[in-house]
Amino acid sequence: MNYKVNGITLFGVNYRESDKILTIFTLEKGKIGAAARGVRKANAKMKQIAEPFCFSEAIISEKSGRRTITEINSYDSFYPIRADVNRYYAGACALEFTNAFLPEGLVSEGHFVLLAEFLKALAYGSGNPVDLLVRFFYDALNENGFALNLAFCGRCGNPIENRVFLSSREGVCVCENCRKEGDGGFSLDTYKYLKRISEGKNEETDKKTRCNGLKFFGYYMEKVSGVALKSLADLVALQR
């Protein structure tokens with residue numbers, strides 16, 4: 001059986017002498033694994049699809065549960081992401097998030113669009129890569145069932161103006177008056193930064209606050225899902 005998919009390459013594992021087994025997040029079939037034969041050769045026609053970030057149309061041949069890529073039409077490799085270390089690790093975080101949160105075969109048009117638009121902005125836009133990633137995390141967690149309320153206190157509904165706390169169990173930030181045992185405090189500056197990003201406001205922010213924003217999402221993701229992104233730790237280290 002042959003069929004066509006549109007997908008973004010998440011990562012690949014070397015196989016045999018010149019092949020790779022790729023994990024691709026597709027619009028039509030969700031996350032799939034497929035063999036790409038000969039792509040490690042210098043003159044390979046399908047070499048592009050073996051690289052992370054590659055957005056392409058692929059013809060898949062499936063037999064006895066094994067998938068092989070037989071033909072591709074590359075739309076975009078998002079090459080500028082590879083030319084800047086911060087953009088590269090921000091992009092790697094989004095790919096790693098997708099691999100961790102989207103089980104194989106789960107179709108999510110919403111997440112596919114989020115990922116494609118994020119990579120496009122990261123490669124060709126002028127926005128700060130950390131700001132772009134923070135917004136991606138916020139939107140992607142919401143899309144995948146781990147929504148986080150940053151607009152106001154999640155318990156009383158009032159604006160948060162002094163001390164701020166996070167209830168990872170409820171997915172809300174709360175004010176000091178509504179704090180319960182187990183709610184963890186974090187800086188008001190970080191909260192204001194995250195709130196601005198969630199509202200699409202990208203005012204200039206200092207490096208420390210951006211770094212704290214990344215740490216916040218790293219903490220939240222680990223608490224709600226047990227997922228710790230290796231690429232996120234690398235990106236945080238670059239901000240110091």
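Treat the numbers as computed from the prediction; the structure is a model and nothing was measured.
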Members sharing Val172's hydrophobic cluster (side chains within less than 4.5 Å):
Phe165, Val174
The side-chain hydrogen bond (donor to acceptor under 3.5 Å, both in side chains) partners of Glu28 (sequence neighbours excluded) come to Asn6
Could you tell me whether Phe136 and Phe97 have their ring centroids closer than 6.0 angstrom?
yes
Minimum heavy-atom separation for Ile69 to Ala36, with atom names?
CD1-CB, 4.2 Å
Close side-chain approach of Phe152 and Asn158, heavy atoms under 4.5 Å:
no
Main chain of Ser168, side chain of Lys223: is a donor-acceptor contact present, judged purely on distance under 3.5 Å?
no
With clusters defined by side-chain heavy atoms of hydrophobic residues (ILVMFWY) lying less than 4.5 Å apart, directly or transitively, does Ile72 cluster with Ile24?
yes
Evaluation steps, side chain to side chain contact (heavy atoms under 4.5 Å, CB included), between Phe146 and Ser225:
CA-CA 9 Å; Phe146 298 98; Ser225 68; 4.3 Å; yes
To the nearest 0.5 Å, atom CD of Gln48 lies from atom CG of Asn73 at 10.0 Å
Start with the C-alpha gap between Val224 and Tyr220, add the side-chain angles, then the distance that decides, and say whether side chain to side chain contact (heavy atoms under 4.5 Å, CB included) holds.
CA-CA 6 Å; Val224 300; Tyr220 181 68; 3.6 Å; yes
Answer whether the closest heavy-atom distance between the side chains of Ile60 and Lys4 falls below 4.5 Å.
no
I'd like to know whether Tyr89 forms a side chain to side chain contact (heavy atoms under 4.5 Å, CB included) with Val236, so could you lay out the CA-CA distance, the side-chain angles of the two residues, the decisive distance to 0.1 Å, and finally the verdict.
CA-CA 9 Å; Tyr89 277 106; Val236 166; over 6 Å; no
Residue pair Gly38 / Ala44: nearest heavy atoms and the distance that separates them
O-CB, 3.2 Å
For Ala50 and Val39, the nearest pair of non-hydrogen atoms, with its separation, is CB-CG2, 3.8 Å
Test item: Arg135 and Leu132 side chains (from C-beta on) under 4.5 Å apart, heavy atoms:
no
For the student: nearest non-hydrogen atoms of Ala58 and Ile49, plus distance:
CB-CD1, 4.1 Å
Keeping the roles fixed (side chain from Asn144, backbone from Ala140), state whether a donor-acceptor pair exists under 3.5 Å.
yes
Which residues satisfy the side chain to side chain contact (heavy atoms under 4.5 Å, CB included) test with Ala116, sequence neighbours excluded?
Ile8
Would you please indicate yes or no on a ring centroid separation below 6.0 angstrom for His111 and Phe101?
no
Verify the cluster assignment for Ile59 and Leu22: are they in a single hydrophobic cluster under the rule of side-chain heavy atoms below 4.5 Å apart?
no
State, with a plain yes or no, whether a side-chain heavy atom of Leu150 is found less than 4.5 Å away from one of Leu148.
yes
Look only at the side chain of Glu176 and the backbone of Asn162, and say whether a donor-acceptor pair between them is shorter than 3.5 Å.
no
Check Arg196, Arg210, Lys195 against Glu203 for a salt bridge (charged side-chain N to carboxylate O under 4.0 Å, His left out) and give me the one that passes.
Arg196
Heavy atoms from other residues, nucleotides or ligands near OH of Tyr79 exceed 12 (cutoff 6.0 Å):
no
Begin from the C-alpha positions of Cys175 and Val164 and carry the test side chain to side chain contact (heavy atoms under 4.5 Å, CB included) through to its verdict.
CA-CA 5 Å; Cys175 65; Val164 57; over 6 Å; no
Nearest heavy-atom pair of Arg155 and Cys178: which atoms, and what distance?
NH1-O, 2.7 Å
Using the rule that two of Ile, Leu, Val, Met, Phe, Trp, Tyr join whenever any of their side-chain heavy atoms come within less than 4.5 Å, decide whether Leu27 and Leu106 are in one cluster.
yes
Leu10 and Pro52: which non-hydrogen atoms are nearest, and at how many Å?
O-CB, 3.9 Å
Establish, for the pair Lys29 and Tyr3, whether the NZ or CZ atom is under 6.0 angstrom from the six-membered ring centre and no further than 45 degrees off its axis.
yes
The salt bridge (Lys or Arg N to Asp or Glu O under 4.0 Å) partners of Arg82 (sequence neighbours excluded) come to none
Test item: side-chain donor near acceptor, Asp131 and Tyr193, under 3.5 Å:
yes
Quick one: are Arg40 and Asp19 in side-chain contact, heavy atoms under 4.5 Å?
no
Contacts of Glu17 meeting salt bridge (Lys or Arg N to Asp or Glu O under 4.0 Å) (sequence neighbours excluded), chain-then-number -> none
With side chains defined as the heavy atoms from C-beta onward, is the minimum distance between Ile81 and Leu119 less than 4.5 Å?
yes
State, with a plain yes or no, whether a side-chain heavy atom of Phe53 is found less than 4.5 Å away from one of Ser77.
no
Starting at CG of Leu194, measure out to SG of Cys173 and round the result to the nearest 0.5 Å.
7.5 Å
Check the side chains of Glu62 and Asn2 for a donor-acceptor pair under 3.5 angstrom, ignoring hydrogens and angles.
no
Separation of Asn177 CG from Cys156 SG (nearest 0.5 Å)
7.0 Å
For Glu104, is the CD atom crowded, meaning more than 12 foreign heavy atoms sit under 6.0 Å from it?
yes
Pairing donors with acceptors under 3.5 angstrom, does anything connect the side chains of Tyr191 and Asn212?
no
With a 4.5 Å cut-off on side-chain heavy atoms, are Leu141 and Phe217 touching?
yes
Hey, what else clusters with Tyr15 if you join Ile, Leu, Val, Met, Phe, Trp, Tyr whenever side-chain heavy atoms sit under 4.5 Å?
Ile21
